[in-house]
There are 2 protein chains.
Amino acid sequence: MNYKKEYAIMKRSLSVVEYRGEEMVMASIAKAISHPVRIKILELLASQQCCFTGELTEIIPMAQSTISQHLKALLDAGLIQGEINPPKVRYCINVENWHKAHVMFGSFFVPDRLSGCQCC
Amino acid sequence: MNYKKEYAIMKRSLSVVEYRGEEMVMASIAKAISHPVRIKILELLASQQCCFTGELTEIIPMAQSTISQHLKALLDAGLIQGEINPPKVRYCINVENWHKAHVMFGSFFVPDRLSGCQCC
DNA sequence: ATAATTAATCGTATAATTGCGATGAACTAT
DNA sequence: ATAGTTCATCGCAATTATACGATTAATTAT
């Protein structure tokens, strides 16, 4: 979760908007997959073409430290999990949160929400 | 689409990774919804509680210029569309791209992809 | 012990995002 | 014409993200 308290409750003049936790979670997951390299990493992990950081650095043309940074972002978002297997670290999709993301994005973009648009 | 050519084809030593257009599109849509205010705006537009910028500025406690900036981000991502209705501007969900996003995220997070994980 | 391997973290530079007030453009109403 | 309304855009400041090389930590192999 990357968003600070300032977003949790916002005040201005008379109105107060409180973001539901769901909005914050969605935003942070969306942020995690808002970079093509991180999407690529998830695709590679999901397809089981590789699991170790080292293999990722061979496939994705970026510095090891950069890959590691992106892995951390995905880890923080809960989309992947790491298992230390010295001297390597094995990364996998976090299946539970993968399913949650599926439900969350699925219900967010669900067409039924748009049923009542009168104006366009 | 926010990502430059530098991402489209990346080279490093021997390897070359080319991002599929789909990865770029997903990343840019994810970026668009990576902020709770923009999620809020989409929810408001989807539920038809409002359509005009002015109404949004009453509900969301941020400066009008900030809301306008967020609307532009959603517009650039293709998630909403605007119709000038002087002196107001009416915003709506872009239904076509909403459906595309539904399919795209739905198939990205689809559980079947994870069938073959041997390592965890 | 020593060297080698793997990956996280640190420091740094650059770029992008976010938020705001002020201004400007387009149009309406008087 | 003049004033008012609505919203986009500009300019600025502060924060955050991105990428890299260098270093460090943890572990294995010799």
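- In this structure, A/Lys31 places its NZ atom 8 Å from P of D/dT18, rounding to the nearest Å.
- Rounding to whole angstrom units, NE2 of residue B/His70 and C1' of C/dT18 are separated by 7 Å.
- When the C1' atom of D/dT28 is taken as reference, atom CG of A/Asn85 falls 12 Å away, rounded to whole Å.
- Grouping the Ile, Leu, Val, Met, Phe, Trp and Tyr side chains by contacts below 4.5 angstrom, directly or via other members, places B/Val110 apart from A/Ile93.
- Distance B/Leu75 CG to D/dT9 P: 9 Å, rounded to the nearest Å.
- One can place CD1 of A/Ile33 at 17 Å from C1' of D/dA17, the figure rounded to the nearest angstrom.
- Checked against salt bridge (charged side-chain N to carboxylate O under 4.0 Å, His left out), A/Lys72 has the following partners two or more places apart in sequence or in another chain: A/Asp76.
- Taking each heavy atom of A/Ala73 and A/Ala32 in turn, the nearest pair found is O-CB, 4.4 Å.
- Rounded to an integer number of Å, the gap from B/Met62 CE to C/dT17 P is 16 Å.
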Between the protein and nucleotides 1-9 of chain C, which nitrogen or oxygen pairs come in under 3.5 angstrom?
from: C/dT6; atom 1: O3'; to: A/Pro87; atom 2: O; distance (Å): 3.4
from: C/dA7; atom 1: OP1; to: A/Val89; atom 2: N; distance (Å): 3.2
from: C/dA7; atom 1: OP2; to: A/Gly54; atom 2: N; distance (Å): 2.7
from: C/dA8; atom 1: OP1; to: A/Tyr91; atom 2: OH; distance (Å): 2.3
from: C/dA8; atom 1: OP2; to: A/Ser68; atom 2: OG; distance (Å): 2.5
from: C/dA8; atom 1: O5'; to: A/Ser68; atom 2: OG; distance (Å): 3.4
from: C/dA8; atom 1: N7; to: A/Gln64; atom 2: NE2; distance (Å): 2.8
from: C/dA8; atom 1: N6; to: A/Gln64; atom 2: OE1; distance (Å): 3.1

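- Rounded to whole angstrom, the span from the CG atom of B/Leu56 across to the C1' atom of D/dA8 amounts to 15 Å.
- Taking the six-membered ring where tryptophan is involved, the planes of A/Trp98 and B/Phe109 are perpendicular, since the angle between them exceeds 60° and thus also 30°.
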Problem set entry | Test log, rule side chain to side chain contact (heavy atoms under 4.5 Å, CB included), inputs B/Ile33 and B/Ile39 | CA-CA 6 Å; B/Ile33 59 173; B/Ile39 291 181; 4.3 Å; yes
For this session: Given side chain to side chain contact (heavy atoms under 4.5 Å, CB included), test A/Phe108 with B/Leu42 step by step and report yes or no.
Result: CA-CA 9 Å; A/Phe108 184 82; B/Leu42 290 177; 3.9 Å; yes
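- Nucleotide D/dA8 holds its C1' atom 13 Å from the CD1 atom of B/Ile80, rounded to whole Å.
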